[in-house]
S.K.: 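Shown below is the structure under consideration.
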Amino acid sequence: MFDLQNTDLTKEDLKQMFYSMLLGRRLDERLWLLNRSGQLPFVISCQGQEATQIGMAFALKEGDISAPYYRDLAFITHLGITPLETMMSAFAKEGDTSSGGKQMPSHFSKKSLGIMTQGSCVATQILHAVGASLAFKMDGKNQVAIATLGEGSSNQGDFHEGLNFAGVHQLPFICVIENNDYAISVHSSLQYAAKKLSDRAIGYGITGVQVDGNNPIAVYEVVKAARERAIRGEGATLIEAMTTRLTPHSSDDDDQYRTEDERANNKEKDCLLLFKNFLITKDILTEKLIEEMETNIKSIIDDATNQAKAAKYPEISECLTHVYGG
Ligand SMILES: Cc1ncc(C[n+]2csc(CCOP(=O)(O)OP(=O)(O)O)c2C)c(N)n1
Ligand SMILES: [Mg+2]
């Protein structure tokens with residue numbers, strides 16, 4: 001399933017890809033441990049979607065704008081939101097760079113990294129990112145805006161409006177659907193009747209591509225090609241990455257709507273294990289190197305956890321800063 005012939009990724013890049021996927025996974029796992037031991041109120045996971053997220057992160061360039069969704073922990077960590085900042089957000093501490101400890105966790109944003117602020121209503125980020133791509137076009141900048149969302153969210157009106165507008169104006173915009181087959185408990189067979197969501201691109205007059213979301217190299221290649229088309233003035237791309245959600249929807253979901261068999265089969269589709277085995281077969285990774293990565297990552301996550309636990313909560317007087325109400 002992995003193809004090294006048609007990629008410009010070097011062995012070092014592939015190692016770095018694996019490291020970023022591993023960091024995302026271990027950080028996510030730590031958040032669950034903290035939740036299950038009663039220390040954190042809420043977790044929503046990237047587990048199973050790291051290959052898609054790191055593939056697309058590798059294809060972006062400095063100055064691009066991204067509007068991620070709540071599952072994109074591996075993506076935003078690779079872009080530069082640190083594990084410490086993630087922990088500050090999870091513990092609702094003042095040092096949370098997304099909201100100063102006020103927003104729910106996983107509403108990622110950081111201005112200096114071009115990561116737009118996001119709301120909780122799914123698919124609204126499409127409109128924001130399309131707006132950013134319009135600004136890039138008007139300013140004559142060689143940059144793209146990228147938005148991600150789940151397949152369930154792609155049935156919202158905002159998705160249609162955003163992609164239609166991007167198609168009409170040939171904007172440098174990339175939309176990545178992380179299709180994990182579920183919208184909370186609702187299976188994709190009850191979400192849409194289309195064979196492929198990427199086919200919706202035809203209706204917007206843009207390019208549509210479906211890709212194996214368990215393969216970071218393939219995702220990198222399609223996002224890189226989409227970026228190059230956008231920079232050449234050839235408009236937007238809709239990418240549908242087929243992934244697997246390895247956890248329940250969130251820490252408040254018990255996942256009982258999936259059978260034991262389905263959950264067991266999902267483990268065989270774990271992108272981290274598939275990529276690891278491939279890189280070992282190709283002598284790009286060794287068990288020793290993976291051990292070193294694990295040790296390094298554990299120490300980064302331990303430090304982030306301890307520092308965030310010890311950090312200050314925001315002042316009560318800050319409660320309504322940047323909060324708007326009708
Ligand atoms: C407009 C809107 N409707 C409903 C919700 C509640 N909600 C949050 S996540 C979610 C499921 C989204 O599923 P999908 O888009 O497939 O993303 P996934 O969680 O599977 O990655 C829903 C219904 C919401 N946040 N916003
Ligand atoms: Mg989904």
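In listed order, ligands and their atoms are each counted from 1.
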S.K.: Less than 4.0 angstrom from a charged side-chain N to a carboxylate O is my criterion; do Asp96 and Lys102 meet it?
M.R.: no
S.K.: Is it true that the side chains of Thr7 and Glu221 contain a donor and an acceptor less than 3.5 Å apart?
M.R.: yes
S.K.: Parallel, tilted or perpendicular for Tyr204 and His160, by the 30°/60° rule?
M.R.: tilted
S.K.: Is a side-chain donor or acceptor of Gln191 paired with a backbone partner of Val186 at a separation under 3.5 angstrom?
M.R.: yes
S.K.: Report yes or no: does Asp28 contribute a side-chain atom to a donor-acceptor pair with the main-chain N or O of Cys46 at less than 3.5 Å?
M.R.: yes
S.K.: Under a 4.0 Å heavy-atom cut-off, which residues neighbour ligand 1?
M.R.: Tyr69, Tyr70, Arg71, Ser120, Cys121, Val122, Gly150, Glu151, Gly152, Ser153, Gln156, Asn180, Tyr182, Ala183, Ile184, His249
S.K.: Under a 3.5 Å threshold, yes or no: a donor from one side chain and an acceptor from the other, between Asn296 and Tyr19?
M.R.: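 A donor-acceptor contact under 3.5 Å links the two side chains.
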S.K.: Salt bridge check: are Asp255 and Arg245 linked by an N-O gap of less than 4.0 Å?
M.R.: yes
S.K.: What's within reach of the Mg ion (ligand 2), meaning protein N/O/S atoms under 2.8 Å?
M.R.: Glu151 OE1, Glu151 OE2, Asn180 OD1, Tyr182 O
S.K.: Between Asp181 and Ser188, is any side-chain donor less than 3.5 angstrom from a side-chain acceptor?
M.R.: yes
S.K.: Any side-chain donor-acceptor pair under 3.5 Å between Glu315 and Ser317?
M.R.: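 No donor-acceptor contact under 3.5 Å links the two side chains.
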